[in-house]
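Here the structure comes first, spelled out in structure tokens, and everything after it is commentary.
All chains are named by letter (A, B, ...) in the order of the sequence lines, taking the proteins before the strands, and each is independently numbered beginning at 1. No experiment lies behind these values; they were computed from the predicted model shown.
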Amino acid sequence: MAELRLYNTMSGEKEVFTPQHDDQVSMYVCGPTVYNYAHIGNARPVVVFDCLYRVLKARYSEVRYARNITDIDDKIIHAAQEQGVDISAVSEEFTEKYREDMAALNALAPTIEPKATEHIEEMISLTQRLVETGHAYESDGHVLFAVESMQDYGALSGRKLDDMMAGARVEVADYKRHAGDFVLWKPSTESEPGWDSPWGRGRPGWHLECSAMIRAHLGESIDIHGGGRDLIFPHHENERAQSCCAYGGDFVRHWMHNAYVDMDGEKMSKSLGNTRTVRELLGQYPGEVLRCALISAQYRSPLNFSEALLEQARSALDSWYGALRRHGSLPDVPTPGADTAVYRALMDDLNTPEAFAAMHTAAATLNKSTDAAEIDRARGELLGGGQLLGLLASDPDMWFQQGVSAEGLSAGEIEAQIAARAAAKADKDYQLADSIRAALEADGVVLEDGAAGTTWRRGS
RNA sequence: GGCUCGGUGGCAGAGUGGUUAUGCAGCGGAUUGCAAAUCCGUCUACGCCGGUUCGAUUCCGACCCGAGCCUCCA
């Protein structure tokens with residue numbers, strides 16, 4: 001059995017992955033702050049860690065995968081105030097939309113989806129613990145984590161407190177002892193949502209929930225913690241500080257961070273305003289195309305988002321589905337955990353491009369082989385690989401015949417035209433046959449004559 | 001200013017101290033009533049300068065260029 005190797009942000013190297021408990025893995029991935037639609041950049045970690053989840057499930061008998069929902073945050077508060085509604089109206093609406101969008105990308109639901117507002121108690125007690133142990137202090141109504149109280153603060157992001165001082169570009173609040181100190185708990189005004197605490201009515205700082213929820217659901221030390229690169233600092237650094245100082249121990253054994261989705265070579269982000277929402281893109285492309293595009297580069301490399309990228313993803317899927325379509329009548333019972341080339345590629349730090357190459361090899365075999373055993377093996381590779389990658393989930397005929405929008409000819413109309421053309425061909429009236437083909441093509445339908453008759457698909 | 005990561009063929013994108021990545025596009029052929037799909041063949045590579053080595057795209061150093069973090073952000 002191939003061993004799993006994963007790059008660890010902490011060490012800066014690929015490491016052999018061994019779960020702390022024999023056959024059981026715990027993974028936590030930072031989820032969305034639910035105040036608006038997820039953009040395609042937000043979807044990258046979801047899809048990447050969904051692949052990892054699938055690989056882990058194939059390899060280990062128990063995988064506990066938690067992805068949080070941040071449903072208390074200043075941005076949600078602002079959105080709610082603008083709309084004149086309660087924050088829960090905003091957070092519930094966008095939690096639902098997020099789930100729909102991610103499901104459309106074939107991302108499996110995590111084992112647990114903890115919400116911040118359901119863990120306020122845990123956050124308060126974690127904060128208390130940090131105050132008691134001298135790692136946090138109260139100042140001007142806030143409770144702050146004292147970064148100088150932690151010996152190796154900065155170890156994850158590879159920075160030193162002194163260096164950070166030099167580059168501080170932000171006004172330092174005067175209630176902080178050190179510029180790097182961050183908020184654990186902050187006061188709420190009357191109009192802001194808040195919870196009673198030993199420090200008065202307030203709400204948690206944004207790093208706190210993950211520490212508290214990891215502890216509550218996955219325990220003191222987890223195997224894998226993932227998220228986007230931009231979370232390394234300050235979010236994960238601070239999470240680590242909170243958890244390590246409050247509870248001691250390892251906290252996280254493998255830190256994993258995906259690179260960004262870029263737009264014209266520049267990071268896609270809400271603050272830059274160059275985003276494309278998943279929802280908008282789903283109106284133009286099948287979810288599988290978006291997913292395929294998102295994993296067409298290795299997760300630690302930047303991915304430039306473009307029409308061309310999506311068209312390439314579509315064409316890769318077309319060729320895999322096309323190979324399967326040739327053998328569509330065979331029963332399928334793939335085993336994703338089988339020791340296939342796709343599996344081995346993914347075991348090497350999720351090398352999805354190498355996995356794609358193996359998928360293409362399997363498809364080529366299906367297209368040209370006449371050996372039943374070989375065909376069987378290739379189908380297993382392709383379908384099993386598809387399960388690990390979260391692709392090829394549709395029926396091949398459905399894939400080619402689906403229209404992204406409702407417009408166009410119905411399947412029945414197309415079949416009728418095909419029958420008319422077959423009759424014309426039987427009469428050797430090729431002129432009529434060709435005019436039918438051309439008419440269909442003008443409506444975006446491509447005919448393919450094969451040994452077993454004519455099949456059709458919708459062109460892109 | 002500090003820290004991190006990267007520069008591969010027309011494009012996308014892996015990998016390796018000496019041997020084909022892969023896909024798309026291009027070109028030539030096969031197949032087809034015509035197509036499409038498919039198959040076969042084929043062309044374009046490893047930022048720049050040094051060093052180590054029998055041999056470097058791959059290791060080391062300098063340089064140039066790009067991206068990111070240090071601030072909400074996946």
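Rounded to whole Å, the distance from CD on A:Glu354 to C1' on B:U16 is 11 Å. As a whole-Å value, the separation of A:Arg300 CZ from B:U4 P is 16 Å. Whole-Å rounding puts the A:His235 NE2 to B:C73 P distance at 7 Å. What separates CG of A:Leu161 from C1' of B:C3 is a distance of 13 Å, to the nearest Å. Residue A:Asn36 contributes atom CG, which lies 13 Å from atom P of B:C73 at whole-angstrom precision. When the C1' atom of B:A74 is taken as reference, atom CG of A:Leu290 falls 16 Å away, rounded to whole Å. The CZ atom of A:Phe233 sits 13 Å away from the C1' atom of B:C72 (whole-angstrom rounding). A:Gln298 places its CD atom 17 Å from the C1' atom of B:G7, with the value rounded to the nearest Å.
Using a 3.5 Å distance cut-off with no hydrogens or angles, the side chains of A:Asn42 and A:Tyr37 do not pair a donor with an acceptor.
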Set out, in order, the CA-CA distance, both residues' side-chain angles and the distance that settles side-chain contact (heavy atoms from CB on, under 4.5 Å) for A:Met256 and A:Leu52, then state yes or no. CA-CA 11 Å; A:Met256 295 178 66; A:Leu52 180 59; 3.7 Å; yes

Residues A:Trp185, A:His142; criterion ring-ring contact (aromatic ring centres under 6.0 Å, His included); working and verdict: CA-CA 6 Å; A:Trp185 191 264; A:His142 295 66; over 10 Å; no

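Going from the P atom of B:C59 to that of B:G23 covers 26 Å, rounded to whole Å. Distance check on atom C1': B:A14 versus B:G7 gives 15 Å, rounded to whole Å. Rounded to the nearest Å, the gap between the C1' atom of B:U57 and that of B:G18 is 12 Å. Straight-line distance between the C1' atoms of B:G17 and B:U53: roughly 9 Å, to the nearest whole Å. Nucleotides B:C11 and B:G1 have their P atoms positioned 32 Å apart, rounded to a whole Å. Comparing B:G15 with B:U58, their C1' atoms sit 9 Å apart, to the nearest whole Å. Look at the C1' atom in both B:U31 and B:A25: the space between them is 22 Å, to the nearest Å. Between B:C27 and B:G61, the two C1' atoms lie 43 Å apart (nearest whole Å).
For the pair A:Glu237 and A:Gly154, the tightest heavy-atom approach, listed with the atom from each and the gap, is OE2-N, 3.0 Å. The two residues A:Arg54 and A:Gln387 make their nearest non-hydrogen contact at NH1-O, 2.8 Å.
A:Gly12 comes within 4.0 angstrom of no nucleic acid atom, judged by non-hydrogen atoms across all strands. A:Ala316 comes within 4.0 angstrom of no nucleic acid atom, judged by non-hydrogen atoms across all strands. Across all strands, A:Asn351 comes closer than 4.0 Å only to sugar-phosphate atoms, never to a base (heavy-atom distances). In this structure, A:Ser315 reaches the sugar-phosphate backbone alone: every heavy-atom distance under 4.0 Å involves primed, P, OP1 or OP2 atoms, never a base. Using a 4.0 Å heavy-atom cutoff across all strands shown, A:Val261 reaches at least one base atom of the nucleic acid. Residue-level contact check: A:Thr361 touches neither bases nor backbone, having no heavy atom under 4.0 Å from any strand.
Taking the charged nitrogens against the carboxylate oxygens, A:Arg377 and A:Glu381 have no contact shorter than 4.0 Å, which rules out a salt bridge. Salt bridge annotation for A:Asp74-A:Arg203: present, with a cationic side-chain nitrogen under 4.0 angstrom from a carboxylate oxygen. At a threshold of 4.0 Å, the pair A:Lys425-A:Asp434 does not count as salt-bridged, since none of the basic side-chain nitrogens sits closer than that to a carboxylate oxygen.
Side-chain to base pairing of A:Lys267 with B:C73: one donor and one acceptor N or O lie within less than 3.5 Å of each other.
Contact annotation: A:Lys270 reaches the phosphate of B:A74 (side-chain N/O to OP1 or OP2, under 4.0 Å).
Counting only Watson-Crick and G-U wobble pairs whose two distances sit under 3.5 Å, RNA chain B takes part in these stems of three or more pairs: B:1-7 with B:64-70, B:10-12 with B:22-24, B:26-30 with B:38-42, B:49-51 with B:59-61.
Of the two residues near RNA chain B, A:Tyr299 and A:Ala308, the one whose nearest nucleotide lies more 5' is A:Ala308. Both A:Pro353 and A:His207 lie near RNA chain B, and the one whose nearest nucleotide falls closer to the 5' end is A:Pro353.
Side-chain atoms of A:Lys14 lie closest to B:G15 of the nucleotides B:G15, B:C69, B:C72. Closest to the side chain of A:Leu309, from the set B:A14, B:A74, B:A12, is B:A12. Ranking B:G2, B:A74, B:C73 by closeness to the A:Arg159 side chain, first place goes to B:G2. Checking B:A74, B:A21, B:A14 against the side-chain heavy atoms of A:Asn42 singles out B:A74 as nearest.
Stacking of A:Arg44 on the aromatic ring of A:Tyr260 is not recorded, the 6.0 Å distance cut-off and the 45° axial limit not both being met. With A:Tyr7 as the aromatic partner, A:Arg300 meets the cation-pi criteria of under 6.0 angstrom to the ring centre and within 45 degrees of the ring axis.
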Nucleotide by nucleotide, nucleotides 32-38 of chain B touches protein heavy atoms under 4.0 Å in the pattern (B base, S sugar-phosphate only, - none) -BBBBSS

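Classification of the A:His217-A:His119 ring pair by plane angle, with boundaries at 30° and 60°, yields perpendicular.
In this structure, A:Arg325 CZ and A:Leu366 CG are separated by 14.5 Å, a value rounded to the nearest 0.5 Å.
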